[in-house]
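What you see below is based on every heavy atom in this structure, not just the backbone, and it leaves out hydrogens, waters and symmetry mates. Start at 1 and go down the list; that is how both ligands and their atoms are numbered.
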Amino acid sequence: MPEKKESKKTSDLKKKLVMDKPRVWDSLSAKDKKDVSNYSVDYMDFLNKGRTERRAINRLMEMASEAGFIEISQADGKTDRVYKVSRGKLLVLAVLGQEPMIEGIRLVTSHVDSPRLDIKPNPLYEETGLALLKTHYYGGVKKYHWVARSLAMIGTMFTRQGKTVEVEIGLKPDDPVLTIPDLLPHLSRKQMEQKAGEFIPAENLNVIIGSLPYEDQEASDRVKLAILDLLFTKYGITEEDFIGAEIEMIPAEPAREAGLDRSLVAAYGQDDRVCAFTSATAIMGLAKPAHTNVAIFYDKEEIGSEGNTSAKSAALDLFLMELMEKSGLEPSAMNLRKVFLNGKGLSGDVTAAIDPTYGDAYEKRNNSKIGHGIGITKYTGAGGKYMGSDANAEYASWVRRLFNENNIMWQPAGLGKVDEGGGGTVAKYVANAGMDIIDCGPPILGMHSPLELCAKDDIWMTHRAFKVFLES
Ligand code: MN
Ligand code: MN
């Protein structure tokens, strides 16, 4: 039987009227494909160096310094590339543009914190010959993801005398790792009957840190004492120093390529360090843009953007006012409002890629697909768009035209079926300040799991999208 073939008239009409969102890969030249591959190498290096929010900010600051950015209070009149860091966990970069700031800045936001297990303030104890650490999970985790895997312990502590101590165990190939064993299947009858959200209770997320006793056989809690002795020898810290410390348990393995075709990056923390890296490299690569460029890297997004390193803090306001002063604009409250009102923003954050195995959770016409470019999410939220951010149609249209005119491959995105769940980003806090802002970012599989998957071509396209936006 001959194949059915549309008439030319039909195919022309389809071309004109029907939306077509092809694969990024099909649109790439041989040189582009090489760029995609090279960019992913740098990206994985960034992920490996920036495994916690503090480390990501440190790495971004190193990159910024190499790219000629100067701390804003140190910058003289001639410098137009400046940065400001807040408490080691929030960073803002800016490049002053040719136009006055009040005419409209370009802002890209992202966040550098990721879901994980934090060590409790008084974590160390001994039971049945083992020394363990109590943890408290941070952000939206599935608790069962964190058992039976290699964990690294990274963080910042202070001694009784106030000296900073950087702790790192488990990242180097010959380091020991830490782990939370799971209950053996043989004895799991009761556990297996429980719901997935309950079968690993939060108080069971106890990390094994050692098993050898201290030499004095008459002493009590000898294993705990031996661990404290090791920690004191290595870091000069005592048990009380854990109180107030910021120690995180994160997956120990580095970022890897995934797939036989090496098309994906498999790594912890890509939500949202992928947008941190793609926006940072975009702003760092620009010389003298038309509009003032600002990229901000927030902390605490995963727990609702609370606190003085979060998107709800005054950090961006203060930085913009310092920048206004530097650019010759009076840093008044009224002018700050106008800078927000006239500015344009992209809220860079990952979006849920359709996972074919769990197709039921998604709405395939409105959710994003791996390898189809940066996702544009007009609105976020849960249920009836509650707690979300909804971009104005005028602004969504402006972004769409910008991307289309610059060959940015983009696709519609959203977080699953209505009433299946939901979530938000930092966009609403910037929108509340008066700016037009829309969510966009690469699709990701396994979001918030210890091993997230993101396609190399989507990552590269996200970088290009941020660059085109900042140049606009
Ligand atoms: Mn995120
Ligand atoms: Mn997240």
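- For the pair OD1 of Asp349 and NE2 of His111, the angle at the Mn ion (ligand 1) is about 100°; rounding is to 10 degrees.
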If you apply the rule salt bridge (charged side-chain N to carboxylate O under 4.0 Å, His left out), what do you find for Glu246 with Arg54, and how did you get there?
CA-CA 10 Å; Glu246 292 179 352; Arg54 282 177 191 267; 2.6 Å; yes
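- The distance from the Mn ion (ligand 2) to the nearest N/O/S atom of Asp272 is not under 2.8 Å.
- Under 3.5 Å, the side chains of Glu301 and His111 contain a donor-acceptor pair of N or O atoms.
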Starting from the C-alpha separation in whole Å, work towards a yes-or-no answer on side chain to side chain contact (heavy atoms under 4.5 Å, CB included) for Val24 and Asp458.
CA-CA 7 Å; Val24 170; Asp458 289 332; 4.0 Å; yes
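- Between Tyr83 and Phe297, the gap from one ring centroid to the other reaches at least 6.0 Å.
- Per residue Glu302, closest N, O or S atom to the Mn ion (ligand 2): atom name OE2.
- In terms of distance to the Mn ion (ligand 2), the nearest N, O or S atom of Asp271 is named OD2.
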